[in-house]
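Whatever order the structure lists ligands and atoms in, that order sets their numbers, starting from 1. Owing to the predicted nature of the structure, the values given are computational and were not obtained by experimental measurement.
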Amino acid sequence: MPGVEKRTEEWKPLRELPITWVTLSELKPHERLNNEELKGFIESLTSSGIFWLPLLISKNEKIIIDGHHRWKGLLELGAEKAPAVMVDYADPEIELGIWFPLLSKDKTTFLEALQKASITTKIVKDRNEAINEVHSGKASFAIVGKENEEAVLVYNKPEACDMLVKIEGESIVYIDTESAALAEVDNEEAKFAIIRKPLSKDSVRRTCSKGEVFPAKSTRHILPFTFQKIDVKINEIIPNFSNKEK
Ligand code: ADP
């Protein structure tokens, strides 16, 4: 599994929502895919023969809110349509958060990698200063440790974050809120947290409409509810699936 998600979210009520069969080629991804996760989904689907989690799609823009690997995996297996839950992306009930990667290796490992890639960094005296610089939109991201420790800022290179994530490795932990990320550092569960710029729904719309994508594991869409699981046989999605496998 490429990274571990750690959530601090509370329990959410279950909503039964209508299932719509969407045309996969019309959907717009907004995040880069991870090959391991793609392989994992294909393996899970083909071995169980059941598709149990509908895609989550924005009704008007056809943006994939959740389900990038399901979408790509189904396309690769030859599917044309798939079951989805449709929501109105403009609905304020749907919020957009981000994931905060946690780092446990030594700071020099990350700093050396940034230096080697000719990425300019700026060291500031504490993490609050660094976080303000990211929140104000000036810096792309910050690598922060405990409150009074020096922090590292990276400007104009949001994709450099991917490099650090890769260095941290497969077992990297992503946590769902900034305060939880800082608490992990304070409790010494991690050495550093990467604090990234918050994203807006408009930036997701703009990125999609240009045919571009964000790095993997950037966005975290937050719904105030969960929705039902389904039980759709693979042959209902890919009619000639078993023939193909033989
Ligand atoms: P992303 O999180 O990038 O949008 P996905 O949500 O599609 O991508 O990631 C793969 C998801 O597929 C996992 O959340 C996993 O729960 C789900 N999954 C695994 N096996 C199946 C299956 N047989 N049917 C439906 N969903 C599955």
Side-chain angles (χ1 to χ4, degrees), residues 1-7 9 12 14 16-17 19-59 61-87 89 94-101 159 161-162 165-166 170-176 196 199 201 203-205 207-208 212-223 225-239 241-242 244-245:
M1 158 105 180
V4 180
E5 291 180 0
K6 196 163 172 182
R7 293 172 188 267
E9 281 172 6
K12 291 175 181 180
L14 175 72
E16 284 282 329
L17 295 172
I19 300 292
T20 307
W21 284 71
V22 289
T23 302
L24 294 169
S25 60
E26 285 175 0
L27 303 182
K28 298 194 187 102
H30 74 268
E31 266 186 2
R32 206 165 296 139
L33 292 155
N34 175 295
N35 268 334
E36 291 302 310
E37 195 157 348
L38 180 60
K39 272 194 251 162
F41 164 70
I42 292 176
E43 167 63 23
S44 158
L45 176 67
T46 52
S47 60
S48 69
I50 301 291
F51 185 74
W52 50 264
L53 189 61
L55 307 172
L56 183 66
I57 305 297
S58 80
K59 214 180 300 180
E61 306 89 342
K62 302 281 187 292
I63 295 171
I64 302 172
I65 300 175
D66 190 32
H68 284 85
H69 297 91
R70 282 166 279 164
W71 165 74
K72 185 70 174 178
L74 288 171
L75 275 174
E76 284 192 0
L77 292 169
E80 284 176 10
K81 286 176 180 262
V85 161
M86 312 294 275
V87 290
Y89 199 50
I94 297 167
E95 293 178 40
L96 178 54
I98 54 173
W99 287 104
F100 297 88
E159 63 278 14
C161 181
D162 277 2
V165 163
K166 225 182 225 160
E170 288 280 294
S171 53
I172 187 165
V173 174
Y174 294 89
I175 196 152
D176 59 0
R196 295 190 262 198
L199 294 171
K201 287 185 189 175
S203 70
V204 172
R205 287 193 190 95
T207 301
C208 283
E212 292 172 1
V213 288
F214 291 106
K217 246 265 63 77
S218 298
T219 66
R220 184 177 68 85
H221 285 93
I222 310 154
L223 307 181
F225 55 85
T226 59
F227 51 84
Q228 77 273 20
K229 302 278 186 296
I230 51 175
D231 188 7
V232 175
K233 297 204 178 27
I234 191 167
N235 288 93
E236 292 175 54
I237 305 180
I238 311 157
F241 171 71
S242 48
K244 243 194 228 159
E245 291 302 291

Asks: Taking the six-membered ring where the residue is Trp, are the ring centres of H221 and Y89 under 6.0 Å apart?
Replies: yes
Asks: Would you name the heavy atoms of L199 and L96 that are closest together and state the gap between them?
Replies: O-CD2, 3.6 Å
Asks: Kindly check if the number of other-residue, nucleotide or ligand heavy atoms within 6.0 Å of NZ (K12) is above 12?
Replies: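 Enclosed.
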Asks: Check each protein residue for a heavy atom under 4.0 Å from ligand 1 and list those that pass, ordered by chain and number.
Replies: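 Lining ligand 1: E37, F41, S44, L45, S48, I50, F51, W52, L53, D66, G67, H68, H69, R70.
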Asks: Nearest heavy-atom pair of F225 and L17: which atoms, and what distance?
Replies: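 Residues F225 and L17, closest heavy atoms: CE1-CD1, 3.6 Å.
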Asks: In this structure, are over 12 heavy atoms from other groups packed under 6.0 Å from E80 atom CD?
Replies: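 No.
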Asks: Sort out for me which residue in I65, V87, L27, I63 forms a side-chain contact (heavy atoms from CB on, under 4.5 Å) with I57.
Replies: L27
